[in-house]
Amino acid sequence: MQIGIYPGSFDPITNGHLDIIERASKICDEVIVAVLKNTNKNPMFTLEERVALIEEVIAPYKNVKVECFSGLLVDYARQKKANVIIKGLRAVSDFEYEFQMALMNRKLCPEVETVFLMTSSKNSYLSSSIVKEVARFGGCIEGLVPDNIKQAILKKI
Ligand code: PNS
């Protein structure tokens with residue numbers, strides 16, 4: 001049984017995240033989208049809002065669910081009996097930080113493997129922050145996020 005954890009802030013989820021979730025759902029028996037209770041950042045959406053929005057977009061994937069976590073990712077992975085941490089890689093600029101996290105997570109918990117899925121090229125420039133910035137200044141975010149997320153962002157701003 002392959003249980004994969006896809007962690008992140010998801011403030012909010014984008015089409016790039018969704019693409020990784022869809023592909024991970026084909027590789028793993030179960031995928032848990034794990035939203036970090038992040039107290040350091042100043043999010044646009046509350047934790048509850050982020051979870052509710054993700055629930056809407058993952059509804060078509062029967063082996064995907066969303067939860068939130070705090071503390072170390074590897075402790076959460078152990079608790080969920082997950083074998084893999086799933087990460088999306090967009091550009092070379094993601095690599096250094098992701099590499100550091102993957103090595104630290106392996107040191108802390110060697111039994112959990114980090115698996116990187118390369119982004120689809122159409123999403124390689126996407127991030128939650130850039131989508132929010134474009135929306136804040138009146139730019140078009142059509143096709144960058146699912147429709148319910150687009151509406152939620154427009155409502156916030
Ligand atoms: O979407 P983000 O903000 O890039 O996601 C970062 C996340 C949640 C994957 C990362 O910050 C994380 O795993 N945080 C949990 C705390 C932890 O385990 N830190 C040590 C990682 S080496």
Side-chain angles (χ1 to χ4, degrees), residues 2-25 27-28 30-58 61 64-136 141 144-146 148-150 152-153 156-157:
Q2 286 281 7
I3 302 179
I5 293 197
Y6 180 42
S9 303
F10 303 105
D11 184 43
I13 191 166
T14 68
N15 283 348
H17 295 126
L18 204 51
D19 171 54
I20 300 293
I21 291 170
E22 182 177 350
R23 287 159 52 203
S25 76
I27 300 169
C28 301
E30 188 184 336
V31 175
I32 305 171
V33 180
V35 186
L36 178 66
K37 290 180 192 168
N38 193 341
T39 46
N40 300 329
K41 289 187 181 174
N42 183 18
M44 175 178 264
F45 294 95
T46 65
L47 187 66
E48 293 72 24
E49 287 169 332
R50 280 180 272 157
V51 168
L53 290 169
I54 293 170
E55 262 164 6
E56 290 175 24
V57 297
I58 61 172
Y61 310 104
V64 180
K65 64 178 179 180
V66 58
E67 289 188 356
C68 36
F69 79 102
S70 54
L72 285 179
L73 177 61
V74 289
D75 288 341
Y76 176 70
R78 273 202 192 100
Q79 186 196 322
K80 292 287 149 184
K81 302 196 182 337
N83 344 55
V84 283
I85 292 168
I86 294 153
K87 290 295 194 83
L89 263 191
R90 288 165 301 192
V92 179
S93 51
D94 282 343
F95 180 79
E96 207 170 328
Y97 183 52
E98 290 296 344
F99 187 49
Q100 188 184 21
M101 279 199 288
L103 292 185
M104 179 54 82
N105 284 334
R106 190 191 295 161
K107 161 130 186 60
L108 294 171
C109 182
E111 66 272 22
V112 177
E113 201 61 65
T114 301
V115 172
F116 290 97
L117 298 182
M118 301 307 295
T119 184
S120 302
S121 55
K122 66 178 189 310
N123 297 321
S124 61
Y125 62 96
L126 266 187
S127 71
S128 301
S129 328
I130 209 162
V131 169
K132 286 182 287 188
E133 185 163 316
V134 169
R136 270 194 198 105
I141 56 167
L144 308 182
V145 289
N148 65 324
I149 308 294
K150 181 182 139 193
I153 293 174
K156 283 278 177 187
I157 55 176

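We count ligands from 1, going down the list as the structure has it; atoms in each ligand are counted the same way. By convention here, the first residue in the shown sequence is residue 1.
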Under-4.0 Å protein heavy-atom contact, [atom]:
| atom | result |
| --- | --- |
| atom 12 (C) of ligand 1 | no |
| atom 7 (C) of ligand 1 | no |
| atom 4 (O) of ligand 1 | no |

Discussion item. Any heavy atom of G71 closer to ligand 1 than 4.0 angstrom?
Written reply: yes
Worksheet item: Is there a heavy atom of K87 sitting under 4.0 angstrom from any atom of ligand 1?
Response: yes
Worksheet item: Between T119 and L89, is any pair of side-chain heavy atoms under 4.5 Å apart?
Response: no
Worksheet item: Hey, is ligand 1 close enough to S9 that some N/O pair sits below 3.5 Å?
Response: yes
Worksheet item: N/O of P7 under 3.5 Å from N/O of ligand 1, yes or no?
Response: no
Worksheet entry | Shortest non-hydrogen contact from V66 toward I58 | N-CD1, 3.8 Å
One thing to verify: whether [Y] and [X] come together as a salt bridge, which I'm taking to mean a side-chain N less than 4.0 angstrom from a carboxylate O.
| X | Y | answer |
| --- | --- | --- |
| E49 | K156 | yes |
| K65 | E67 | yes |
| D11 | K132 | yes |

Worksheet, complete the sentence: Counting heavy atoms under 4.0 Å, the part of L73 that contacts ligand 1 is both
Worksheet item: Taking only heavy atoms of M104, which atoms of ligand 1 are found under 4.0 Å from at least one of them?
Response: 22 (S)
Practice prompt. Considering the heavy atoms of N105, write down every atom of ligand 1 situated less than 4.0 Å from one of them.
Written response: 21 (C), 22 (S)
Discussion item. Below 30° counts as parallel, above 60° as perpendicular, anything between as tilted: where do the rings of F95 and F99 land?
Written reply: parallel
